[in-house]
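Next up is a structure, given as structure tokens.
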Amino acid sequence: MLRCMGTLGVFRNCRVSAQMHSNFVLGNAQVPSLYPIVYCSDGFCELTGFARAQIMQKGCNCKFLYGPDTNEEHKQEIEKALEGKTELKLEVIFYKKSGTPFWCLLDIVPIKNEKREVVLFLASHKDITPSKMSEMQICDVYSNDANGNLDPESGVPAGNYQRRRSRAVLYQLSGHYRQDKIKNKLKLNN
């Protein structure tokens, strides 16, 4: 949790956060159940399409970003973190003002004053749509075997599904794929 000394320290920390990640809102943690937004960054406005005047004093849980595909469990996790004044990192589907959905890495951090009381919430929002879509495409590619067949009993792809999926993940992580090295290592392990 971030600690600060007075209001100046809070905004100094926010400026540092803004340089690292400029899509954030600050919510007043001392107004239970609402936790109104007392500051929002320009980056947050650009990301969501909302003007600052439309955002101020709304809850820092950002219910105004919820939409039809926003998971109910995620909504409850956000509420629970705010009520419990605890940290939360969560991948959630939010919606821009235009109605366009986006995958968001939401990071909620309670900020304490010198008396160790939680006075603010820093809620940063990072658009992870491109990486999430790539991840989903990889899963789709490897969700069926080469012939598109599924094992009738388990409903999972027949054959070497898990091995192929693991290779795909390794391929994405390493950026390099050398079949001959993998075969040699497999021979050594057998």
Side-chain angles (χ1 to χ4, degrees), residues 1-136 138-139 169 173:
M1 290 187 208
L2 293 176
R3 262 190 84 222
C4 65
M5 299 305 239
T7 307
L8 181 59
V10 170
F11 289 105
R12 190 174 299 131
N13 283 340
C14 291
R15 276 189 295 239
V16 170
S17 175
Q19 293 167 357
M20 294 176 4
H21 191 314
S22 63
N23 308 328
F24 70 94
V25 296
L26 283 176
N28 184 345
Q30 297 181 327
V31 180
S33 73
L34 179 59
Y35 310 111
I37 294 172
V38 294
Y39 179 82
C40 69
S41 70
D42 292 337
F44 182 82
C45 294
E46 289 172 23
L47 172 67
T48 63
F50 285 93
R52 184 171 278 112
Q54 296 173 305
I55 296 169
M56 298 304 288
Q57 297 302 311
K58 291 190 178 194
C60 71
N61 56 8
C62 296
K63 288 183 180 180
F64 56 93
L65 297 177
Y66 292 174
D69 290 328
T70 305
N71 188 311
E72 285 299 321
E73 289 178 22
H74 293 160
K75 293 176 187 179
Q76 292 172 3
E77 286 181 56
I78 294 167
E79 291 301 320
K80 185 177 176 183
L82 293 172
E83 289 171 14
K85 297 182 179 181
T86 58
E87 291 186 33
L88 174 70
K89 193 169 227 167
L90 180 68
E91 293 179 356
V92 61
I93 296 177
F94 280 147
Y95 287 79
K96 299 180 181 194
K97 183 180 179 183
S98 65
T100 306
F102 69 100
W103 277 99
C104 179
L105 177 60
L106 174 65
D107 195 5
I108 298 175
V109 180
I111 300 174
K112 294 182 177 183
N113 65 9
E114 62 276 355
K115 295 178 185 175
R116 305 213 27 90
E117 302 167 330
V118 176
V119 292
L120 293 169
F121 289 110
L122 174 66
S124 70
H125 300 75
K126 181 179 181 185
D127 185 351
I128 58 169
T129 304
S131 62
K132 197 70 174 172
M133 296 309 286
S134 293
E135 178 184 312
M136 293 168 82
I138 290 170
C139 290
V169 171
L173 292 175

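Just so we're clear, the structure is a prediction, and the values are computed from it rather than from any experiment.
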Is the closest side-chain heavy-atom distance between Val25 and His125 below 4.5 Å? yes
Main-chain N/O of Asn23 paired with Ser124 side-chain donor or acceptor, under 3.5 Å: no
Would you check, one step at a time, whether the test side-chain contact (heavy atoms from CB on, under 4.5 Å) holds for Tyr66 with Ile78? CA-CA 12 Å; Tyr66 292 174; Ile78 294 167; 3.8 Å; yes
Any carboxylate oxygen within less than 4.0 angstrom of a Lys/Arg side-chain nitrogen, looking at Glu77 and Lys80? no
Got a second to check how far Ile111's CD1 is from Leu120's CG, nearest 0.5 Å? 5.0 Å
For the CG atom of Leu122 and the CD1 atom of Ile108, what is their distance to the nearest 0.5 Å? 9.5 Å
Nearest heavy-atom approach of Ile55 to Ile37 is CG2-CD1, 3.4 Å
Ignoring hydrogens, what is the shortest heavy-atom contact between Gly49 and Lys97? Give both atom names and the distance. O-CD, 3.4 Å
Closer than 3.5 angstrom, by distance alone: can the side chain of Asn28 be matched with the main-chain N or O of Pro36 as a donor-acceptor pair? no
Could you pull out the closest heavy-atom pair between Lys85 and Pro110, with the gap in Å? O-CG, 3.4 Å
The criterion is ring-ring contact (aromatic ring centres under 6.0 Å, His included); which residues satisfy it with Phe102, sequence neighbours excluded? none
Can you measure from NE2 (His74) to CD (Glu72) and round to the nearest 0.5 angstrom? 11.0 Å
Who are the side-chain contact (heavy atoms from CB on, under 4.5 Å) partners of Lys132, not counting sequence neighbours? Glu91, Trp103, Glu135, Met136
Would you say that more than 12 heavy atoms from the other residues, nucleotides or ligands in this model lie under 6.0 Å from the CE of Met133, or not? no
Phe94/Leu106 under side-chain contact (heavy atoms from CB on, under 4.5 Å): CA gap, chis, key distance, verdict: CA-CA 10 Å; Phe94 280 147; Leu106 174 65; 4.3 Å; yes
Can you tell me how far apart CG (Leu47) and OG (Ser41) are? Round to the nearest 0.5 Å. 8.5 Å
If I compare all heavy atoms of Ile93 with all of Thr70, which pair ends up nearest, and what's the gap? O-OG1, 2.8 Å
Taken in chain and number order and not counting sequence neighbours, the residues that satisfy side-chain contact (heavy atoms from CB on, under 4.5 Å) with Glu83 are Tyr35, Glu79
With heavy-atom distances below 4.5 Å as the criterion, would you say the side chains of Val92 and Leu65 are in contact? no
Any side-chain to backbone donor/acceptor pair from Tyr95 onto Asp69? Under 3.5 Å, distance only. yes
Rounded to the nearest 0.5 Å, what's the gap from CZ on Phe24 to CZ on Phe121? Could you check? 16.0 Å
CG of Leu34 to CG of Asn61: how many Å apart, nearest 0.5 Å? 8.0 Å
So which heavy atom on Gly27 is nearest to which on Cys60, and how close? CA-CB, 3.8 Å
Please find out if less than 6.0 Å separates the ring center of Phe50 from that of Phe44. no
Please find the pair of heavy atoms, one from Met56 and one from Val38, that lie closest to each other, and give the distance. CE-O, 3.0 Å
